[in-house]
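Remarks on the structure that follows.
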2 protein chains.
Amino acid sequence: MERLEDPPDVVIRRLPLYARSLRYLLDEGINSVSSQELGERINVTAAQIRKDLSYFGEFGKQGIGYDVEKLFNHIERILGLTQSWPVVLVGVGHLGQAIARYDGFHSQGLQIVGLFDTDPLKIGQKVADVEICAYAHMPQVIHDTNARLAIVAVPASDAQPVADILIDAGIRAILCYAPIILQTPDDVWVRYIDPVAVLHSMTYYLAREHM
Amino acid sequence: MERLEDPPDVVIRRLPLYARSLRYLLDEGINSVSSQELGERINVTAAQIRKDLSYFGEFGKQGIGYDVEKLFNHIERILGLTQSWPVVLVGVGHLGQAIARYDGFHSQGLQIVGLFDTDPLKIGQKVADVEICAYAHMPQVIHDTNARLAIVAVPASDAQPVADILIDAGIRAILCYAPIILQTPDDVWVRYIDPVAVLHSMTYYLAREHM
DNA sequence: CGCATTCTGTGAAGTGTAGCACTAAGTTCC
DNA sequence: GGAACTTAGTGCTACACTTCACAGAATGCG
């Protein structure tokens with residue numbers, strides 16, 4: 001029986017990992033998988049996978065497991081990945097360029113449709129076939145492309161004003177690489193990528209080894 | 001009274017955010033802060049900050065709050081950031097170069113002491129004053145520099161063998177940018193940076209708006 | 001100098017998530 | 001075709017984390 005409750009956010013965050021693992025299984029030509037096997041690949045317990053999926057329906061067969069392709073398609077549909085999502089990227093420094101050039105976005109339904117920077121020398125140039133524009137063009141591009149997703153790869157000092165412009169222009173979800181917590185309205189989703197903080201949390205454990 | 005229990009990992013993960021926010025406060029010339037004010041800056045409740053800190057001691061003054069510099073130094077000490085940590089980086093593509101060139105690592109106690117790649121054209125070149133070496137040199141460099149931290153920025157297909165080499169050479173903590181879950185011994189810490197998965201978890205919510 | 005105010009540290013209560021363990025359903029093989 | 005085996009879905013339990021709410025400590029002000 002299908003559940004009535006909304007799936008918790010932790011579950012939503014795991015879905016992309018399930019989807020990716022299933023994609024790899026497909027590439028390997030494996031077309032059936034049990035929760036046990038899938039769990040071993042991504043270091044999650046079998047029970048957790050089954051419970052997570054149960055928020056969305058019943059996708060497996062008892063005694064067999066899951067049809068890889070069918071489950072993959074289901075999860076893509078749940079995540080809204082049957083369509084391609086336009087994304088704008090603000091900040092075309094080393095990191096921004098690396099992101100713009102990474103084809104992992106494009107192949108996974110994320111199309112970079114706008115690049116923005118403040119550097120006059122960069123404006124007008126192209127990276128990965130997309131022209132770099134001034135901040136002033138953000139609202140227009142976001143409107144024209146109907147982008148709802150943005151990646152912020154600017155220095156910490158610029159991130160908040162950039163986020164304000166983006167949100168004002170209609171962006172509803174931000175992936176922020178700047179080392180700062182953004183202040184945003186409740187109806188905007190913000191997630192952070194913060195390698196320095198992650199490394200610092202690991203130095204805690206390393207410093208405690210052999211003590 | 002100091003607590004006896006080990007602080008949970010979620011707490012450890014928040015400490016770097018506290019430290020960073022305190023650093024910004026210092027830069028602003030603010031030298032006293034309440035848990036309330038600190039919490040508003042990083043979107044965490046005041047109670048959570050106080051409870052988190054209570055795992056490590058008593059750092060505040062009732063009626064006053066926390067001395068910014070003292071608390072900052074305490075957290076740095078807890079995280080083991082009174083020393084600089086040598087880090088090796090494997091994979092010097094666009095992303096690897098962006099990481100190697102980012103001075104946010106160096107200024108935060110993370111010194112990149114080794115760069116490795118398989119591309120013969122890259123080997124021998126320097127990025128940010130560090131020479132790119134072949135994989136074969138990894139054990140030697142890790143031994144010589146006493147590195148315990150590694151960043152993996154190679155394609156998914158190379159990540160597992162690279163991790164195996166690193167761990168074998170003495171690396172104890174890995175920050176993995178490759179879109180794959182690494183299989184590692186229990187005494188090695190692994191964290192992932194996975195922008196595509198993060199964006200995919202947000203498309204879930206965007207796809208459900210106006211429904 | 002004492003009362004109102006501010007703010008920490010923490011036991012207790014509340015919340016949310018993960019894992020267990022069982023039922024039921026499907027498969028395989030003899 | 002039936003016995004042994006595999007595995008999904010799920011109620012329940014246990015645990016871990018967060019939040020509440022209050023006691024105690026420091027300050028300021030009238």
Side-chain angles (χ1 to χ4, degrees), chain A residues 1-15 17-18 21-22 25 30-75 78 181 201 204, chain B residues 1-15 17-18 21-22 25 30-72 74-75 78 181 186 201 204:
Chain A
M1 191 182 67
E2 203 162 332
R3 304 203 163 203
L4 299 172
E5 328 145 41
D6 273 2
D9 186 58
V10 275
V11 173
I12 304 304
R13 291 187 196 226
R14 278 192 293 266
L15 290 183
L17 305 185
Y18 299 161
S21 192
L22 291 164
L25 286 166
I30 297 168
N31 40 37
S32 178
V33 70
S34 67
S35 57
Q36 182 67 38
E37 292 163 336
L38 188 57
E40 281 166 10
R41 289 190 165 234
I42 51 184
N43 291 349
V44 164
T45 65
Q48 179 150 81
I49 291 177
R50 295 200 301 274
K51 179 147 280 199
D52 283 357
L53 295 177
S54 77
Y55 281 100
F56 306 98
E58 307 191 355
F59 306 112
K61 274 209 177 75
Q62 283 150 326
I64 304 289
Y66 300 89
D67 180 288
V68 174
E69 187 171 3
K70 243 172 59 183
L71 182 56
F72 174 73
N73 288 333
H74 268 298
I75 296 181
I78 293 166
I181 305 297
S201 71
Y204 171 85
Chain B
M1 191 183 64
E2 203 161 331
R3 302 203 164 204
L4 299 171
E5 328 145 42
D6 273 1
D9 187 59
V10 275
V11 173
I12 304 304
R13 291 187 197 225
R14 278 192 293 266
L15 289 183
L17 305 185
Y18 299 163
S21 191
L22 290 165
L25 285 166
I30 296 167
N31 40 35
S32 180
V33 69
S34 67
S35 56
Q36 182 68 38
E37 292 162 336
L38 187 59
E40 282 166 9
R41 288 188 166 236
I42 51 185
N43 290 351
V44 163
T45 64
Q48 180 150 79
I49 291 177
R50 294 200 302 272
K51 178 139 282 202
D52 283 357
L53 295 177
S54 76
Y55 280 100
F56 307 99
E58 307 191 354
F59 306 113
K61 275 210 176 73
Q62 284 151 326
I64 303 291
Y66 300 89
D67 180 288
V68 174
E69 187 171 2
K70 243 172 58 181
L71 182 57
F72 174 73
H74 268 299
I75 296 180
I78 292 166
I181 304 296
D186 289 346
S201 71
Y204 171 84

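In what follows, every chain begins at residue 1, and chains take the letters A, B, ... in the order their sequences are listed. Side chains are part of it too, since the values below use all heavy atoms of this structure and drop only hydrogens, waters and symmetry mates.
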Could you walk me through whether Tyr66(A) and Leu22(A) satisfy the side-chain contact (heavy atoms from CB on, under 4.5 Å) test, starting with their C-alpha distance in whole Å, then the side-chain angles of each, then the deciding distance to 0.1 Å, before giving a yes or no? CA-CA 10 Å; Tyr66(A) 300 89; Leu22(A) 291 164; 5.9 Å; no

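For Ser35(A) and dA8(D), the shortest distance from a side-chain N or O to OP1 or OP2 is below 4.0 Å. Taking 4.0 angstrom as the limit, Tyr66(B) places a side-chain polar atom (N or O) nearer than this to OP1 or OP2 of dG9(C). A sub-4.0 Å separation between OP1 or OP2 of dT18(D) and a side-chain N or O of Arg14(B) is present.
Between Ile49(A) atom CD1 and dC20(C) atom P there is a gap of 14 Å when expressed in whole angstrom units. Look at CG on Asp67(A): it is 15 Å from P on dT7(D), rounded to the nearest Å. Going from atom OH of Tyr55(B) over to atom P of dA16(D) covers 10 Å, rounded to whole Å. For the pair Leu71(B) CG and dC7(C) C1', the interatomic distance rounds to 14 Å; values are reported in whole Å. Put simply, CG on Asp9(B) is 16 Å from C1' on dA18(C), counting in whole angstrom units. Between the CZ atom of Phe56(B) and the P atom of dG9(C) there is a distance of 13 Å, given to the nearest Å. Between Gln36(A) atom CD and dG9(D) atom C1' there is a gap of 15 Å when expressed in whole angstrom units. One interatomic measurement links the two molecules: CZ of Arg13(A) to P of dG16(C), which rounds to 16 Å at whole-angstrom precision.
Checked by atom type and distance alone, the side chain of Gln48(A) never pairs as donor or acceptor with a backbone atom of Thr45(A) at under 3.5 Å.
A 4.5 Å side-chain heavy-atom check between Asp67(A) and Leu71(A) finds every atom pair outside the cut-off. Taking the side chain as every heavy atom from C-beta outward, Leu53(B) and Ile75(B) approach each other to under 4.5 Å. Considering only heavy atoms from C-beta on, Leu25(B) comes within 4.5 Å of Arg41(B) through its side chain. Side-chain contact between Pro7(B) and Ile12(B) is present, with heavy atoms from C-beta onward closer than 4.5 Å.
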Protein-nucleotides 19-23 of chain D N/O pairs under 3.5 Å:
{"from": "dT19(D)", "atom 1": "OP2", "to": "Thr45(B)", "atom 2": "OG1", "distance (Å)": "3.1"}
{"from": "dT19(D)", "atom 1": "O4", "to": "Lys51(B)", "atom 2": "NZ", "distance (Å)": "3.3"}
{"from": "dA21(D)", "atom 1": "N6", "to": "Arg50(B)", "atom 2": "NH2", "distance (Å)": "3.3"}

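For Glu40(B), the CD atom sits in a packed shell: over 12 heavy atoms of surrounding residues, nucleotides or ligands are nearer than 6.0 Å.
Taking the side chain of Pro8(A) as heavy atoms from C-beta on, and the options dT17(C), dG9(C), dT18(D), the nearest nucleotide is dT17(C). When each of dG9(C), dT18(D), dA8(D) is scored by its nearest atom to the side-chain atoms of Glu58(B), the top-ranked nucleotide is dG9(C).
Note: Tyr204(B) and Phe56(A) have perpendicular aromatic rings, judged against thresholds of 30 and 60 degrees for the angle between ring planes.
Across all strands, Gly60(A) comes closer than 4.0 Å only to sugar-phosphate atoms, never to a base (heavy-atom distances).
Closest of all the heavy-atom pairs between Val68(B) and Ser32(B) is CG2-N, 3.5 Å.
Summary of the strand contacts: Gly63(A) and Phe59(A) both lie near DNA chain D, and taking for each the nucleotide with the nearest heavy atom, the more 5' one is attributed to Gly63(A).
Donor-acceptor pairing under 3.5 Å is recorded for the side chains of Arg50(A) and Ser35(A).
Taken over five-pair windows at either terminus, the axes of the helix from dC1(C)-dG30(D) to dC30(C)-dG1(D) are inclined to one another by 10° (rounded to 10 degrees).
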